[in-house]
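The structure appears right after this line, and notes come after that.
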Amino acid sequence: MSHSSRHQTPLVVATGNPGKLKEMQHYLGDLDWALELKPKELDVEETGTTFIANARLKATQVAIATGKWAIADDSGLAVDALDGAPGLYSARYGQDDAARIDRVLRELGPHPDRSAQFICAVVLARPDGSVALEEEGICPGEILPSPRGAGGFGYDPIFFVPEANRTYAEMTSEQKHELSHRGRAFALILPQLKRLSV
Ligand code: IMP
């Protein structure tokens, strides 16, 4: 998965979500790490009460189980008028993306306050499970009354970013990488990751 032939320490990307994996590979692809997928059977229960806590759990447990460096993210959508829901339950808010979007739109109804934010915590753990780096990225936006755009994954079609005047699902992948919660978290992590001596 890595293009570099220099220093190649294995780094396990601790996610089973193909949409997130694709984005994480983009951020990490040019580094001097040999990216590896998390073993399929290795599932970490997300029992934390914050995004950072869950990202720590995933990174730490995958690192210990594989004996390798591991990087994990935990992310979700927090809608102000829904007291931060779906929040930590973003991935479990319905059976599939369409059901999850429908539920958020139904619960929000015609509420005039559409403000929301996407949050992403990223944690890098050492092979012994200790935390080496952690950062959080936030992207503010608004929930549209109905979906718009065909790209991306998850809640992308209902998340409108005023700064870009379009939804996540209407962005090119380059634009989403630049503006998104995950992009911002990785922008904070990457310079530190490059300075790490392993
Ligand atoms: P987890 O981080 O794997 O616990 O799941 C986060 C959930 O939040 C995903 O399954 C999506 O439903 C949602 N989510 C996280 N990031 C994004 C994004 O960039 N676009 C749309 N939905 C997202």
Side-chain angles (χ1 to χ4, degrees), residues 12-28 37-38 40 42-62 70-79 82 84-108 114 116-125 134-144 146-161 163-164 166-187 189:
V12 182
V13 181
T15 183
N17 177 324
K20 292 201 330 189
L21 178 66
K22 205 162 158 233
E23 291 192 13
M24 288 170 78
Q25 285 174 329
H26 167 85
Y27 301 121
L28 298 167
L37 298 185
K38 170 183 81 85
K40 259 209 173 69
L42 185 57
D43 236 344
V44 180
E45 249 198 285
E46 299 180 20
T47 53
T49 54
T50 61
F51 292 111
I52 279 280
N54 279 335
R56 273 187 207 135
L57 275 175
K58 288 188 258 188
T60 294
Q61 292 189 23
V62 169
I71 192 161
D73 89 332
D74 196 55
S75 53
L77 174 67
V79 180
L82 300 179
L88 290 174
Y89 302 100
S90 294
R92 293 164 269 174
Y93 220 50
Q95 270 192 340
D96 52 26
D97 283 344
R100 290 187 271 273
I101 286 179
D102 278 351
R103 182 168 170 195
V104 168
L105 292 181
R106 200 173 56 245
E107 288 178 348
L108 193 55
R114 316 295 300 183
Q117 49 191 349
F118 256 117
I119 302 159
C120 176
V122 180
V123 173
L124 176 76
E134 58 184 32
E135 290 291 350
E136 198 168 70
I138 291 177
C139 180
E142 289 160 19
I143 303 300
L144 292 183
S146 55
R148 240 170 64 183
F153 70 100
Y155 301 91
D156 281 357
I158 54 168
F159 189 72
F160 178 82
V161 182
E163 192 182 336
R166 57 185 70 177
T167 66
Y168 267 3
E170 293 172 321
M171 292 182 186
T172 61
S173 39
E174 289 72 29
Q175 195 170 22
K176 189 176 175 197
H177 292 148
E178 196 182 311
L179 292 174
S180 77
H181 53 308
R182 195 165 297 101
R184 291 176 198 206
F186 273 91
I189 280 275

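Both ligands and their constituent atoms are indexed starting at 1 by order of listing.
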Looking only at distances, please establish whether an N/O atom of ligand 1 is found under 3.5 Å from an N/O atom of R100. no

Protein heavy atom at shortest distance from atom 22 (N) of ligand 1: Y155 N, 3.2 Å

Close side-chain approach of Q117 and I119, heavy atoms under 4.5 Å: yes

Taking the side chain from T167 and the backbone from G149, do they hold a donor-acceptor pair closer than 3.5 Å? no

Which protein non-hydrogen atom lies closest to atom 2 (O) of ligand 1, naming both residue and atom, and how far is it? K20 NZ, 2.7 Å

Just need the protein heavy atom nearest to atom 19 (O) of ligand 1, so name the residue and atom and give the distance. K176 NZ, 2.8 Å

Atoms of ligand 1, numbered as shown, that sit under 4.0 Å from any heavy atom of G76: 8 (O)

G154 heavy atoms within 4.0 Å reach ligand 1 at atoms 21 (C), 22 (N)

Any donor-acceptor pair under 3.5 Å linking the side-chain atoms of Q95 with those of R100? no

Can you tell me which residue and heavy atom of the protein come closest to atom 9 (C) of ligand 1, and the distance to 0.1 Å? N17 ND2, 4.1 Å

Do any N or O atoms from the side chain of S90 and from the backbone of G87 form a donor-acceptor pair under 3.5 angstrom? yes

If you measure from each heavy atom of G152 to ligand 1, is any distance below 4.0 Å? no

Which residue supplies the protein heavy atom nearest to atom 6 (C) of ligand 1, what is that atom called, and how far is it? S75 O, 2.9 Å

What protein heavy atom is closest to atom 20 (N) of ligand 1, reported as residue, atom name and distance in Å? D156 OD1, 2.4 Å

Can you tell me which residue among D74, D73, D43, T15 is in a side-chain hydrogen bond (donor to acceptor under 3.5 Å, both in side chains) with K58? D74

Give me the nearest non-hydrogen protein atom to atom 14 (N) of ligand 1 as residue plus atom name, then the distance to 0.1 Å. F118 CE2, 3.6 Å

Do F118 and S75 have side chains that approach each other closer than 4.5 Å (heavy atoms only, starting at C-beta)? no

In terms of atom number and element, which parts of ligand 1 are under 4.0 angstrom from non-hydrogen atoms of E46? 4 (O)

Report yes if E23 has an N/O atom closer than 3.5 Å to an N/O atom of ligand 1; otherwise report no. no

Can a cation-pi geometry be assigned to R103 and Y93, taking NZ or CZ under 6.0 Å from the six-membered ring centre and within 45° of the ring axis? yes

Please report whether the ring centroid of H181 lies less than 6.0 Å from that of F51. no

Suppose we measure from atom 8 (O) of ligand 1 to each protein heavy atom; which comes out shortest, and what is that distance? S90 CB, 3.3 Å

Element-labelled atoms of ligand 1 that are located less than 4.0 Å from some non-hydrogen atom of H181: 16 (N), 17 (C), 18 (C), 19 (O)

Keeping the roles fixed (side chain from R184, backbone from L179), state whether a donor-acceptor pair exists under 3.5 Å. yes

Return the orientation label for the H177 and Y27 ring planes: parallel under 30°, perpendicular over 60°, tilted otherwise. perpendicular

